[in-house]
Asks: 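Below is the structure I would like to discuss, written out as structure tokens.
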Amino acid sequence: KDVRRSVNELRPDALRRLSLRQAISEMVAAMSQVSDVDISFETDVQNLCFDEDEEDAIYRVIQEGITNAVRHGHAKHIFIKLHREDQELLLTIHDDGIGASSIHGGFGIRHIRERIELLQGSVDFDGSNGFTITAHIPIRRGESYD
């Protein structure tokens with residue numbers, strides 16, 4: 001019970017109050033406003049209803065992706081897409097920033113990779129045309145996401 005309570009206290013407040021879709025939308029609006037960057041979020045998954053660890057990972061990866069795009073990429077537009085593809089969720093975060101000729105494993109990249117790998121997923125980074133994060137998250141057996 002103590003561990004569960006401690007983990008729950010680490011959850012972003014938005015995820016405690018709102019659905020995942022609403023929490024992401026609220027974060028996108030707030031970060032758009034304070035950064036003066038146009039950020040869009042789209043999903044074709046009707047009910048974004050996941051276990052807490054999945055919600056936390058998805059939310060934090062998007063948060064880190066936006067932060068990196070603004071801080072390091074100097075992006076003016078960020079496009080976030082979450083959709084179902086067969087038995088996995090595909091999360092794509094793409095920006096029109098300066099990109100990167102080589103991708104170093106700084107804290108943000110490691111943070112994203114670790115969160116996705118905790119869900120038995122995989123993530124790729126591409127800095128050739130702006131910056132793109134592509135995460136594949138398996139849908140857990142017996143659970144429905146749409």
Side-chain angles (χ1 to χ4, degrees), residues 4 6-140 143-146:
R4 183 169 286 149
S6 295
V7 169
N8 193 42
E9 288 172 4
L10 295 174
R11 292 195 90 203
D13 180 57
L15 286 176
R16 281 188 242 155
R17 297 182 291 110
L18 305 167
S19 71
L20 179 59
R21 180 192 298 259
Q22 292 169 322
I24 293 170
S25 295
E26 186 177 273
M27 173 180 46
V28 163
M31 292 183 97
S32 232
Q33 188 174 30
V34 299
S35 66
D36 200 29
V37 173
D38 178 38
I39 307 171
S40 67
F41 168 61
E42 77 175 58
T43 182
D44 60 3
V45 182
Q46 294 305 309
N47 297 315
L48 294 178
C49 182
F50 306 99
D51 286 343
E52 286 185 6
D53 62 333
E54 292 171 304
E55 285 188 352
D56 290 349
I58 292 166
Y59 185 88
R60 295 293 191 187
V61 165
I62 291 171
Q63 186 177 46
E64 188 69 40
I66 293 170
T67 301
N68 287 348
V70 172
R71 182 180 297 151
H72 303 296
H74 309 291
K76 294 296 176 202
H77 300 91
I78 303 169
F79 309 93
I80 303 161
K81 185 173 184 178
L82 180 64
H83 72 278
R84 183 177 181 161
E85 198 170 89
D86 296 323
Q87 292 303 307
E88 69 181 15
L89 294 171
L90 181 62
L91 170 62
T92 306
I93 305 168
H94 174 74
D95 68 61
D96 65 351
I98 60 173
S101 57
S102 63
I103 299 169
H104 305 288
F107 177 75
I109 297 290
R110 280 196 315 268
H111 178 255
I112 291 169
R113 188 178 310 280
E114 287 170 3
R115 287 194 179 269
I116 297 301
E117 287 176 354
L118 281 172
L119 301 176
Q120 284 73 51
S122 63
V123 63
D124 296 306
F125 304 95
D126 180 2
S128 62
N129 179 21
F131 199 84
T132 304
I133 300 166
T134 306
H136 299 264
I137 304 167
I139 293 176
R140 293 180 178 166
E143 296 180 9
S144 176
Y145 292 94
D146 54 14

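Keep in mind that the numbers below use all heavy atoms, side chains included, and drop hydrogens, waters and symmetry copies.
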Asks: Please name all residues satisfying side chain to side chain donor-acceptor pair (under 3.5 Å) with S101, sequence neighbours left out, ordered by chain then number.
Replies: none
Asks: Looking at D86, is its backbone amide N or carbonyl O close enough to the side chain of R84 to form a donor-acceptor pair, meaning the two atoms are under 3.5 Å apart?
Replies: yes
Asks: Tell me the salt bridge (charged side-chain N to carboxylate O under 4.0 Å, His left out) pairs involving residues 62-81, sequence neighbours left out?
Replies: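 Matches after skipping sequence neighbours: E42-K81.
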Asks: Under the side chain to side chain donor-acceptor pair (under 3.5 Å) rule, collect the residues that match up with D126, sequence neighbours excluded.
Replies: S128
Asks: Quick one: list whatever passes side chain to side chain donor-acceptor pair (under 3.5 Å) with S32, sequence neighbours left out.
Replies: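 Per chain and number, S32 pairs via side chain to side chain donor-acceptor pair (under 3.5 Å) with no residue.
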Asks: State which residue, out of L90, T92, I62, T43, fulfils the side chain to side chain contact (heavy atoms under 4.5 Å, CB included) condition with L82.
Replies: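 Output: one option passes, namely T43.
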Asks: If the condition is side chain to side chain donor-acceptor pair (under 3.5 Å), which residues does H136 pass it with, not counting sequence neighbours?
Replies: E88
Asks: Any chance you could measure Y59, atom OH, to I24, atom CD1, to the nearest 0.5 Å?
Replies: 8.5 Å
Asks: Once you round to the nearest 0.5 Å, how far does CZ of R113 lie from CZ of F125?
Replies: 4.5 Å
Asks: Pair I39, I80 - check side chain to side chain contact (heavy atoms under 4.5 Å, CB included), show working.
Replies: CA-CA 8 Å; I39 307 171; I80 303 161; 3.8 Å; yes
Asks: Holding to side chain to side chain contact (heavy atoms under 4.5 Å, CB included), I want the full list of residues that pass it with F79, two or more places apart in sequence or in another chain.
Replies: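 F79 satisfies side chain to side chain contact (heavy atoms under 4.5 Å, CB included) with S40, H77, H94 only.
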Asks: Which residue pairs pass the salt bridge (charged side-chain N to carboxylate O under 4.0 Å, His left out) test when at least one of the two sits in residues 26-35, sequence neighbours left out?
Replies: R17-E26
Asks: A75: what forms a side chain to side chain contact (heavy atoms under 4.5 Å, CB included) with it, not counting sequence neighbours?
Replies: A69, I78, D95, D96
Asks: Looking at L91, I112, T134, which one forms a side chain to side chain contact (heavy atoms under 4.5 Å, CB included) with V123?
Replies: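 Among L91, I112, T134, the one meeting side chain to side chain contact (heavy atoms under 4.5 Å, CB included) with V123 is I112.
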Asks: Taking A30's backbone N and O only, do any of them form a donor-acceptor pair with Q33's side chain (distance below 3.5 Å, no angle check)?
Replies: no
Asks: Once side chain to side chain contact (heavy atoms under 4.5 Å, CB included) is applied, do any residues pair with Q22, and if so which ones, sequence neighbours excluded?
Replies: L18, S19
Asks: Partners of H111 by ring pair (Phe, Tyr, Trp, His ring centres under 6.0 Å), sequence neighbours excluded?
Replies: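 Only F107 meet the ring pair (Phe, Tyr, Trp, His ring centres under 6.0 Å) criterion with H111.
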